Q: 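Have a look at this one.
Note that ligands are numbered from 1 as they come in the structure, with each ligand's atoms numbered from 1 the same way. Bear in mind the structure is a predicted one, so any value in this text is a computation, not a measurement.
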Amino acid sequence: MRIVLGIESSCDETAIALVREDRTVLAQAIATQLDEHAPYGGVVPEIAARAHLAQIDRLYLQVMHEAGMELAQVDAIAATTGPGLIGGVIVGAMFGKALAAAANKPFIAVNHLEGHALTVRLTDAVAFPYFLLLVSGGHCQMLIAHGVGHYERLGGTKDDALGEAFDKCAKMLGLGYPGGPAIERAAARGTPRFALPRPLMGTEGCDFSFSGLKTAVRLLIERETASQPLNDALIADVAASFQAAVIAVVRDRVANGLAMAQARAPLTAIAVAGGVAANKALGNDLRALAAQANLKLAVAPAALCTDNAAMIAWAGMERLQLGLLDGLDVEPRARWPLAELRRA
Ligand code: KG4
Ligand code: ZN
């Protein structure tokens, strides 16, 4: 059985993983840069690139040691070569190319979004074609996954990504970064007693818009804090109201997207990928929607929803199986839409 080494460094997580063809994650290590970026309230690209460089050797050695393996036993090296913060992408891609050159192994350039998209095939062996809701800090779209390298976009956000909306709302509530998990925890303690807009709900198609909701949350906080401090109870109720609005919108948009997808392909499942897929309340809501449509809902465990290298190694494995190898001259890309992938 073949083994692929995966490398991820496109945002603020440096990660290395070894994945075997039978969908076993042999070892993985991840270093998050949260502390380095925290003082700035968001990810600083230059700091991210330097932090990847500082961590990547150590993580690689740790993973090989944990798996008890030599590089000679690995069948291919897969690294994220985009999209993402270019400095970080270059660090991971160069590291991967160097390993490939040194050990004379094939190199596979993995699109970070395809890594997220194929995760449910690693965790749940979901068959093509499936419906995919891809929601992370930088991306927010609905697609049909027809096959490796073959994605059909149905709709997406007109402004902010869903994870970004969670992060911005959390920042306004003083909850820190990343905002998604903090909002989810606060919402669990609160009551959704504030009416917030549900952008694009009830309209045709399956696009999203979150910037109006973000503004409404800001105005709500201003209004409420005119008469009381931003206390724990208020934070919990605003978070609950925001999350309820988001879930209502996502349910409405996914229902439309799903109808569009079902008219085009015989779907096997609804998959949710990207960091926001870690949200349990959203998952429960989509589970009900999937049940109505008689489809299985596939959501990876939280640690594989947010950025990780196992998903990159797995996407590399799928590409290796199809003979989709890349040369060492492949260039890192800041932008790389899923529609522009190479396929068999
Ligand atoms: O996929 P990811 O790790 O990085 C990107 O490629 O963007 O996604 C990170 C995003 C952040 O915006 C974070 O707030 C969000 O995923 N997120 C969540 C949850 N966990 C992470 N959003 C909502 N609920 C969560 N439990
Ligand atoms: Zn991601």
Q: So between Asp167, Ile183, Asp307, Leu134, whose heavy atom ends up nearest atom 4 (O) of ligand 1?
A: Asp307
Q: Counting from 1, what ligand 1 atoms have a heavy atom of Gly138 closer than 4.0 Å?
A: 7 (O)
Q: Would one find more than 12 heavy atoms of other residues, nucleotides or ligands at under 6.0 Å from atom CG of Asn104?
A: no
Q: Take every heavy atom of Pro181, measure it against each atom of ligand 1, and state whether any distance is under 4.0 Å.
A: yes
Q: Taking atom CE of Met94 as the centre, report whether more than 12 heavy atoms of other residues, nucleotides or ligands fall under 6.0 Å from it.
A: no
Q: May I ask you to check whether Ser211 and Asp160 show a side-chain donor-acceptor distance below 3.5 Å?
A: no
Q: Heavy-atom count check: over 12 atoms from other residues, nucleotides or ligands less than 6.0 Å from Arg333 CZ?
A: yes
Q: Using a plain distance cutoff, I'd like to know if Pro178 has any nitrogen or oxygen under 3.5 Å from a nitrogen or oxygen of ligand 1.
A: no
Q: Hey, which atoms in ligand 1 end up nearer than 4.0 Å to a heavy atom of Gly179?
A: 14 (O)
Q: Of all heavy-atom pairs between Leu234 and Pro229, which one has the smallest distance, and what is that distance?
A: CD2-O, 4.0 Å
Q: Take every heavy atom of His112, measure it against each atom of ligand 1, and state whether any distance is under 4.0 Å.
A: yes
Q: So Phe208 and Phe210, would you call those rings parallel, tilted or perpendicular, with 30° and 60° as cut-offs?
A: parallel
Q: Polar-atom distance check: Gly163 versus ligand 1, any N or O pair below 3.5 Å?
A: yes
Q: Under 4.0 Å from a heavy atom of His116: give me the atoms of ligand 1 that qualify, with their elements.
A: 1 (O), 6 (O)
Q: What distance separates Ser10 OG from Ile312 CD1, expressed to the nearest 0.5 Å?
A: 7.0 Å
Q: What protein heavy atom sits nearest atom 8 (O) of ligand 1, and how far away is it?
A: Gly275 CA, 3.3 Å
Q: Rounded to the nearest 10°, what angle sits at the Zn ion (ligand 2) between NE2 of His116 and NE2 of His112?
A: 90°
Q: Can you tell me if Cys11 has an N, O or S atom under 2.8 Å away from the Zn ion (ligand 2)?
A: no
Q: For Thr306, counting its heavy atoms only, list the atoms of ligand 1 lying under 4.0 Å from any of them.
A: 3 (O)
Q: With distance as the sole test, does Asp207 use its side chain to make a donor-acceptor pair with the main-chain N or O of Thr157 at under 3.5 Å?
A: no
Q: Identify, by name, the N, O or S atom of Asp307 lying closest to the Zn ion (ligand 2).
A: OD1
Q: Going by the order shown, which atoms of ligand 1 are within less than 4.0 Å of some heavy atom of Ala278?
A: 20 (N), 26 (N)
Q: Starting from atom 22 (N) of ligand 1, which protein heavy atom do you reach first, and at what distance in Å?
A: Gly180 CA, 3.3 Å
Q: Could you grab the distance from atom CG of Leu113 to atom CD of Gln141, nearest 0.5 Å is fine?
A: 6.0 Å
Q: Under 6.0 Å from the six-membered ring centre of Phe128 and within 45° of its axis: does the NZ or CZ of Arg121 meet both?
A: yes
Q: Taking 2.8 Å as the cut-off, does an N/O/S atom of His139 lie below it from the Zn ion (ligand 2)?
A: no
Q: Does ligand 1 come near enough to Asn279 that some N or O of the ligand is less than 3.5 Å from an N or O of the residue?
A: yes
Q: Identify the protein heavy atom lying closest to atom 26 (N) of ligand 1, giving its residue, its atom name and the separation to 0.1 Å.
A: Glu184 OE1, 2.8 Å
Q: CD1/Ile108 to CE/Met317 distance, rounded to the nearest 0.5 angstrom?
A: 8.5 Å
Q: Within the 4.0 Å heavy-atom shell around Gly137, which atoms of ligand 1 are there?
A: 5 (C), 7 (O), 8 (O), 9 (C), 10 (C), 12 (O)
Q: Please report the closest heavy-atom contact between Thr203 and Asn256, naming both atoms and the distance.
A: O-ND2, 3.1 Å
